[in-house]
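Values reported hereafter were calculated over all heavy atoms of this structure, with side chains retained and with hydrogens, waters and symmetry mates removed. The model shown is predicted, which means the values in this text are computed figures rather than measured ones.
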Amino acid sequence: MATLIDFSTVAHKVGEWESPELGIETSSKAFMPLMVSSLLDVTDEEAYDAITDGGKDRGIDALFVDERDGKNVIHLFQFKYAMEFQKSKSNFPSNEIDKLLSFLADLLDQDESMSKSCNPILWEKVKEAWLALNKKNPSIEIHFCSNTLPMLQDEQRRLRKALEKYNGVREWHHGLDEIINHFISMKKPSIDRDIRIIDKDYYERTDGNVRALICTIDAAELVKLIAHPDDDKTVYTSIFDENVRIYLSSRNTINKEIISTALSDERHLFWYLNNGLTITCSSFSYAKGSRGPVVSLKDVQIVNGGQTSNALFEAHRHEPDKVSDVLLLARIIEAKEQSIGHKVSETTNSQTPIKSRDLRANTLVQRKIEEALLAKGYFYERKTNQFADKNKDQRIDAQSAGQAYLAYALDMPEVAKKDRGRVFGDLFDTVYSDDLLPENLLMPLRVLAAIETFKKTVQRKLRKDEEVDPSDLFIIDGAYHVLFAVRRICAREGIDEFSGQALAKVEEAIKVVKSCVEKHRDETFSFNRFFKDAGTRTKIETIITAGS
């Protein structure tokens with residue numbers, strides 16, 4: 001049961017997300033971007049942009065289409081926020097389930113009449129969702145979030161029954177207990193563990209400053225290794241912080257096969273059929289030459305084999321005796337230098353098509369940028385919230401800086417907005433090339449901040465149901481194209497785009513992009529589609545050149 005401390009913790013975090021300039025003026029509204037950001041691990045900007053709450057929101061308070069790392073997931077949110085602790089003991093109200101189901105039916109039918117029943121922000125999100133639905137393997141996840149108790153079980157069953165007719169739709173219930181547990185699991189503590197290996201079935205190797213132990217362990221030892229120290233019925237997810245992939249649940253085909261093999265009469269073949277685990281640690285020690293020694297591990301991370309680990313943990317909960325017979329291969333690597341552990345994580349997961357930000361965070365170029373900007377009084381966050389204790393105005397998020405630089409200096413605004421994962425993926429060496437001056441990451445962010453002042457004004461008016469010029473709605477999806485336009489205007493006028501003079505061109509750039517949108521707008525026009533098209537920047541540049 002959640003406590004007053006839990007309630008206060010969430011309230012404190014909510015307060016940090018209040019943003020009057022965006023129309024996020026109350027705790028109940030600030031709770032929305034906080035949860036979108038926390039649950040989906042998106043930037044502040046993306047979290048705020050996802051909010052659709054307001055008049056004609058059809059029971060959808062936020063909508064986010066996740067296309068990162070090859071995903072194609074439409075996230076729908078409903079939020080309820082209790083202002084007083086006593087009210088946190090009530091259940092999530094289920095009176096808007098029917099609204100959500102009505103919206104979902106229209107969304108999946110791709111009913112064009114939705115334009116009349118949705119507010120402008122939601123309507124643009126709907127069109128973005130339709131694009132996702134027309135791509136390969138779309139799925140929908142519905143989130144009910146509140147700082148109260150979750151929805152009553154009977155109501156959850158009613159909802160689940162209604163969703164059964166749809167493929168690829170799943171719901172999640174995030175009450176106060178679940179939210180607090182999520183915040184706690186986001187921390188990355190140092191993890192020390194002991195693990196017993198089988199008989200004398202082990203081999204040690206040392207090369208320079210790298211040492212490894214190849215051994216066999218049984219599944220019961222693995223279950224103990226990954227169990228939460230305070231609750232052995234749940235997995236301690238922090239032990240997988242450096243693993244590229246998250247567990248996909250027992251519904252996933254591969255994980256079903258792992259569980260099936262572990263519980264079958266052929267479980268003695270598991271060692272031969274499974275790739276096993278790769279574990280990194282800062283050090284390991286054991287009694288050499290002994291039979292079945294216990295290995296003591298410091299700063300443990302399972303960097304490869306997360307699916308296997310979680311699947312065996314799940315199987316062990318159902319039939320522990322059978323799973324205890326399962327043996328698997330383990331490779332334990334002692335990497336005293338963090339860069340080596342980072343390289344192990346990256347290369348053992350090399351089948352991942354897009355390398356994540358975390359895999360790139362410890363590269364030499366990122367460390368150099370951090371040092372260079374620190375000398376200028378800025379804290380460059382190679383990792384998410386690396387300097388959470390520092391003044392927000394002095395923090396430079398690596399992802400946001402890379403996105404802005406991609407749009408501004410490298411002429412790829414459509415990639416910056418809709419495919420930001422490429423900044424730390426295939427475009428990493430392009431963005432963070434040897435020619436990059438670290439201080440040049442700052443001006444694109446400053447210009448973008450000025451552009452977003454206009455964007456926030458539009459969003460605030462929409463959320464307060466104030467009158468908005470329809471031609472200004474482009475800015476919600478087009479901020480990075482305005483950023484692109486600023487630099488192009490600077491180039492036309494011979495202005496140093498990395499000087500403060502660039503800020504004076506924001507107003508003109510807004511007018512240019514607005515005129516470009518109006519020129520190409522018709523009945524089937526979609527801001528999302530327009531700003532996703534690589535040809536849009538050419539259209540904008542043509543207008544800028546014609547104005548010279």
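Among pairs with a residue in residues 35-56, those fulfilling ring pair (Phe, Tyr, Trp, His ring centres under 6.0 Å) read W17-Y48, at least two apart in sequence or across chains. Counting only residues at least two apart or on different chains, the ring pair (Phe, Tyr, Trp, His ring centres under 6.0 Å) pairs with a member in residues 372-406 are F379-F387.
For the pair D477 and K532, the salt-bridge criterion is not met [side-chain N within less than 4.0 Å of a carboxylate O]. Salt-bridge annotation for D472 and K461: absent, with no side-chain N of the basic residue lying under 4.0 Å from a carboxylate O of the acidic one. Taking the charged nitrogens against the carboxylate oxygens, E381 and R395 do have a contact shorter than 4.0 Å, which makes a salt bridge. A salt bridge is defined here as a Lys NZ or Arg NE, NH1 or NH2 lying under 4.0 Å from an Asp or Glu carboxylate O, and R58 with E96 fails to meet this definition. Using a 4.0 Å cut-off between charged side-chain N and carboxylate O, E518 and R521 make a salt bridge. Salt bridge E439/K376: absent, no basic N to carboxylate O contact under 4.0 Å. A salt bridge links D53 with K29: at least one charged nitrogen is closer than 4.0 Å to a carboxylate oxygen.
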Determine whether E21 and R460 satisfy the following criterion, salt bridge (charged side-chain N to carboxylate O under 4.0 Å, His left out), listing intermediate values before the conclusion. CA-CA 6 Å; E21 67 268 31; R460 185 186 68 248; over 6 Å; no
Derivation and outcome, salt bridge (charged side-chain N to carboxylate O under 4.0 Å, His left out), residues K417 and E46: CA-CA 9 Å; K417 174 62 179 175; E46 288 171 316; over 6 Å; no
Test side-chain contact (heavy atoms from CB on, under 4.5 Å) applied to I74 and F64, step by step: CA-CA 6 Å; I74 301 164; F64 182 82; over 6 Å; no
Check the pair N91 / T148 against side-chain contact (heavy atoms from CB on, under 4.5 Å), numbers first and verdict last. CA-CA 6 Å; N91 293 92; T148 66; over 6 Å; no
Take W130 and L107 through the test side-chain contact (heavy atoms from CB on, under 4.5 Å) and record every step on the way to the result. CA-CA 7 Å; W130 285 346; L107 180 74; 3.7 Å; yes
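Side chain of T542 to backbone of T538: a donor-acceptor contact under 3.5 angstrom is found. Looking at N72, its side chain does come within 3.5 Å of a backbone N or O of A132 through a donor-acceptor pair. Judged by distance alone, with hydrogens and angles left aside, the side-chain atoms of N147 form a donor-acceptor pair with the main-chain N or O of A82 at under 3.5 Å. Remark: side-chain polar atoms of H228 are paired, donor with acceptor, to backbone N or O of D230 under 3.5 angstrom. In this structure a side-chain-to-backbone donor-acceptor pair under 3.5 Å is missing from T52 to I121. A donor-acceptor pair is defined here as one N or O able to donate and one able to accept, closer than 3.5 Å; such a pair exists between the side chain of E178 and the backbone of G175. The main-chain N or O of G55 is found under 3.5 Å from a side-chain atom of N119 such that the two form a donor-acceptor pair. A donor-acceptor contact shorter than 3.5 Å links the side chain of T453 to the backbone of A449. Side-chain N or O atoms of D533 include none that pairs as donor or acceptor with a backbone N or O of F530 at under 3.5 Å. Formation of a donor-acceptor pair under 3.5 Å by the Q78 side chain with backbone atoms of G59 is found in this model.
Summarising the local packing, CG of L437 is surrounded by more than 12 heavy atoms from other residues, nucleotides or ligands at distances under 6.0 Å. Environment of CD in E467: sparse, with no more than 12 heavy atoms of neighbouring residues, nucleotides or ligands closer than 6.0 Å.
Of the inter-residue distances, the one linking I140 atom CD1 with L63 atom CG reads 9.0 Å to the nearest 0.5 angstrom. Here the NZ atom belonging to K455 is positioned 8.0 Å from the CG atom belonging to L448, to the nearest 0.5 angstrom. Note that NE2 of H520 is 10.0 Å distant from OG of S515, once rounded to the nearest 0.5 Å. One finds the CD1 atom of I239 at 11.0 Å from the CG atom of D299 (value rounded to the nearest 0.5 Å). S433 OG to L427 CG: the interatomic distance, rounded to the nearest 0.5 Å, is 12.0 Å. The NE2 atom of H12 lies 14.0 Å from the CD1 atom of I5; values are rounded to the nearest 0.5 Å.
F424 does not carry R360 over the face of its six-membered ring by the limits of under 6.0 Å from the centre and within 45° of the normal.
With sequence neighbours excluded, no residue forms a salt bridge (Lys or Arg N to Asp or Glu O under 4.0 Å) with K56. Listed by chain and number, the residues in a salt bridge (Lys or Arg N to Asp or Glu O under 4.0 Å) with K392 are D44 (sequence neighbours excluded). For P20, the side-chain contact (heavy atoms from CB on, under 4.5 Å) test picks out E25, with sequence neighbours left out. Every residue two or more places apart in sequence or in another chain that forms a side-chain contact (heavy atoms from CB on, under 4.5 Å) with D411 is listed here: F484, R487, R488. Applying the salt bridge (Lys or Arg N to Asp or Glu O under 4.0 Å) rule to K127 yields the partners E124; only residues at least two apart in sequence or on another chain are considered. Scanning for side-chain contact (heavy atoms from CB on, under 4.5 Å) contacts around N391 gives D393, Q394, with sequence neighbours left out. Taking F474 as the reference, nothing meets the ring pair (Phe, Tyr, Trp, His ring centres under 6.0 Å) condition, with sequence neighbours excluded. Evaluation of the salt bridge (Lys or Arg N to Asp or Glu O under 4.0 Å) rule for E18 yields no partner, not counting sequence neighbours. Every residue meeting the side-chain contact (heavy atoms from CB on, under 4.5 Å) condition with K298, not counting sequence neighbours, appears here in chain and number order: D192, S282, S283.
For the residue pair D397 and Q386, no side-chain donor N or O sits within less than 3.5 Å of a side-chain acceptor on the partner.
Residue E67 forms a salt bridge (charged side-chain N to carboxylate O under 4.0 Å, His left out) with just one option from K418, R422, K135, and that option is K135.
A ring-centre distance under 6.0 Å is not found for Y81 and F79.
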Name each donor-acceptor pair under 3.5 Å that joins a side chain in residues 498-510 to protein atoms two or more places apart or in another chain, with its distance.
unit_1 : atom_1 : unit_2 : atom_2 : d
S499   : OG     : D496   : O      : 2.7
S499   : OG     : Q501   : N      : 3.3
K505   : NZ     : E493   : OE1    : 2.8
E508   : OE2    : R492   : NH2    : 2.8

